Colleague: 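Following this message is one structure expressed as structure tokens.
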Number of protein chains: 4
Amino acid sequence: MDAVDVHRGNRHGRSEAARAAVLHAADDLLAERGFAGVTIEGIAERAGVSKQTIYRWWPSKVDVLFEALGDDLAEDLTPPDTGVFADDLRDYLRTLALFLTHSDPGAVLRALTGQAQHDPALAERLRAEHLRPQRERERALLARAGLPPGPGTDAALDRLTGPIYYRVLVTGDPVPPSFTDALADAFLSPGRDHSSASSSA
Amino acid sequence: MDAVDVHRGNRHGRSEAARAAVLHAADDLLAERGFAGVTIEGIAERAGVSKQTIYRWWPSKVDVLFEALGDDLAEDLTPPDTGVFADDLRDYLRTLALFLTHSDPGAVLRALTGQAQHDPALAERLRAEHLRPQRERERALLARAGLPPGPGTDAALDRLTGPIYYRVLVTGDPVPPSFTDALADAFLSPGRDHSSASSSA
Amino acid sequence: MDAVDVHRGNRHGRSEAARAAVLHAADDLLAERGFAGVTIEGIAERAGVSKQTIYRWWPSKVDVLFEALGDDLAEDLTPPDTGVFADDLRDYLRTLALFLTHSDPGAVLRALTGQAQHDPALAERLRAEHLRPQRERERALLARAGLPPGPGTDAALDRLTGPIYYRVLVTGDPVPPSFTDALADAFLSPGRDHSSASSSA
Amino acid sequence: MDAVDVHRGNRHGRSEAARAAVLHAADDLLAERGFAGVTIEGIAERAGVSKQTIYRWWPSKVDVLFEALGDDLAEDLTPPDTGVFADDLRDYLRTLALFLTHSDPGAVLRALTGQAQHDPALAERLRAEHLRPQRERERALLARAGLPPGPGTDAALDRLTGPIYYRVLVTGDPVPPSFTDALADAFLSPGRDHSSASSSA
DNA sequence: AGGTAAGCGAGACGGTACGTCGCGTCTTCAC
DNA sequence: GTGAAGACGCGACGTACCGTCTCGCTTACCT
């Protein structure tokens, strides 16, 4: 913790302090000024770091944000496993909605998803490193429902999580528990009629 | 039609030729070089128009793209009305998927939706001028199913269209007719089991 | 004087009101904001006149200023003729110094002379329309001293007025009566020694 | 001398190569296209330098020209000292006339003097950094004539150099040796009559 | 008395240059 | 050999004026 312990960058490797300061500064700037307010020069100034240090380790500002996202999806969005599938599913969807709408890493993910619409390489990287692993975790959840693995699982997940992302990214409507619970219920009790979907909203 | 008839811009109003050239150029640039390749200077050069003319009428490049979107949603995405609701719904979802994934205005909409993640004002404008009117057209479609108007309609639409937008904006998976038909079927026959959803894929 | 009498411009000639407003506005702008602050658009706005009206009658802003100078040199700088040459000469040099340093048309002349350093056409026009006629008036003054016409007159005038212009345009030193009187004295009594020139300063 | 030795600009200071290229380009443009043809963009392009580099070191194009003037006055206009005052004075006035009318730095000085008519700050800077030091060198010349220092010296210099500047800046007349010699003679032999001044012209 | 043509205001237009911001590269020196 | 500092070439930004143009109004004068 002491200044003595801080790597300043030398032949023994990069400065962890600089790395953390950069990621932190990028996060802050995204929260304070939005995506356009995140600039390499701004990050460098706020982090007390030189531009060169940033360019040495990250190819672009989206890579900084990408790394700032870290393992937050794995940490925050691993579905629970209580043994009661219905509860686990409802829980997970609620957590996902909350993550996307109100968490700091959720804001980063939204910004990156937005940028991914302009940048196919970023899109692919997001999918490979975050979205497909997350999908894998979701598949594991559904597997506990006794569903046989297969394309049906993915289709079901698209129907479960798609409307949540849709509200977050497109309509901007809030995503309350009533909404995610209804999605879960539709999966759990496919026979219920349409109006019942709203009765629980 | 003659050159005599061309508004060149005077006290009686702006030049329609310049307006059209700008919108067209913006569209082209988006298609050719992506969102980052759309610059005011680039639009001006390609449209044979001065920068000032663009700034006179549009606050920013997203406003140009916004106007370039025009009434394409209303024109291309008004659900059909053949009298057979099931066909109409299936048709509409297929059309929506095609629009989002393979049409020029769909590309503009994707870019704007991406940018909207960084720009709340744009997000609101997109919703007010395009998404909510589109939702209204979708409500009219569902009304023909005999569904009573109410929040249930919106929830149903979120489940019908949400997964399509999700694939387009997030996973990047293709959205084939089998996928949209399955969504329609799930709405039309809520009792079918999950695996059947994929059997038609 | 009534509005009825104001030419608004028609087939029979230009609007005198517009002309005067333009010249006045140019003058004001020069005084208030300096030469760089004189723009065609600024003149048009302040004069309540359209740009086109200015361009119809003047090729450029320097032409406006040029016309704003009017006959001020002839009016303000015609040497007096009291019959006493020494007094006339002293008077004239004092008047010239005052005109150049503290009058409104003097400010216009200084600005135009400055601009003439960048614009040979303007320089020639200034000389043809103002400076050479002024030189002619000065020659007439010297002729009354009994000096035979010839190149000697011009050389003498260069020595009489040159130092005044020099102070105004180059050193920025004030040009008090003592200075101009000394110039006159040096001409009137060429035998006086150098130090006496300053003793009257 | 090698490329290795060229400062490219870093924490230890600016690039001397860029500085020289900018000054050279500005000089060239002034000579080729006149003052209005000197633009920051034009300098940048011709010098192979970015606009930002110019703005980093010079507030305006006038400042570039100012620096381009360098020490040329001190170098070219230091009066000679042969021990024969009359010769020195005649020589100096001839050199001054030639400098102002036909040298490259003289053209820069004329342009700056012209611009100084529109810009008091530039006027003061010209005087402080170039004109007053030059006046000091001229005073030293006159001191060798045995003239006691005092305001008489300045008045005499105004009469010696004023007419030269006057012809250069105002009338545009040529300034031949006969003209400057006559000025020198009038100083050296104040008793000669007026007509004699022209006889040597 | 009506038609006509010039002067006028308004202001949109294609341009050029402005001065600024951020990019990504580079070089140097301290540690 | 990392990192802070910061100059550099570059590209785009948004603004100010330029000089040109077209339009519709007004106003004599001239059928």
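Order of the sequence lines fixes the chain letters, A, B, ..., with proteins taken first and strands second; residue numbering starts at 1 for each chain. These numbers come from a predicted model, not from an experiment.
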Colleague: Do C/Phe66 and C/Val108 have side chains that get closer than 4.5 Å, going by heavy atoms?
Modeller: no
Colleague: Whole Å only: how far is the CZ atom of B/Arg19 from the P atom of E/dC13?
Modeller: 12 Å
Colleague: Can you confirm whether B/Thr53 sits close enough to B/Trp58 that some side-chain heavy atom of one is under 4.5 Å from a side-chain heavy atom of the other?
Modeller: no
Colleague: Would you say the side chain of A/Leu109 lies within less than 4.5 Å of the side chain of A/Leu126, judging by non-hydrogen atoms?
Modeller: yes
Colleague: Report yes if the side chains of C/Val38 and C/Arg33 come closer than 4.5 Å at any heavy-atom pair, otherwise no.
Modeller: no
Colleague: Check DNA chain F against residues 33-42 of chain C and give the residues with a non-hydrogen atom under 4.0 Å, in numerical order.
Modeller: C/Thr39, C/Ile40, C/Glu41
Colleague: Specify the separation, in whole Å, of atom CD of C/Glu45 and atom C1' of F/dC18.
Modeller: 16 Å
Colleague: Can you pull out the residues from residues 46-58 of chain B that lie within a 4.0 Å heavy-atom distance of DNA chain E?
Modeller: B/Gly48, B/Val49, B/Ser50, B/Gln52, B/Thr53, B/Arg56, B/Trp57
Colleague: Look up atom CG in A/Leu169 and atom CD in B/Gln117, then write down how far apart they are to the nearest 0.5 Å.
Modeller: 4.5 Å
Colleague: In whole Å, what is the span from the CD1 atom of B/Ile43 to the C1' atom of F/dC13?
Modeller: 13 Å
Colleague: As an exercise, state the distance from CG of B/Leu29 to NZ of B/Lys61, rounded to the nearest 0.5 Å.
Modeller: 10.0 Å
Colleague: Write down the distance between CG (C/Asp63) and P (F/dG19), rounded to a whole number of angstrom.
Modeller: 10 Å
Colleague: Over how many whole Å does the gap from A/Lys61 atom NZ to E/dC21 atom P extend?
Modeller: 17 Å
Colleague: For C/His118 and D/Phe35, take the angle between the two ring planes, folded into 0 to 90°, and tell me which bin it lands in: parallel under 30, tilted 30 to 60, perpendicular over 60.
Modeller: parallel
Colleague: Side-chain contact, heavy-atom cut-off 4.5 Å: D/Glu67 with D/Arg19?
Modeller: yes
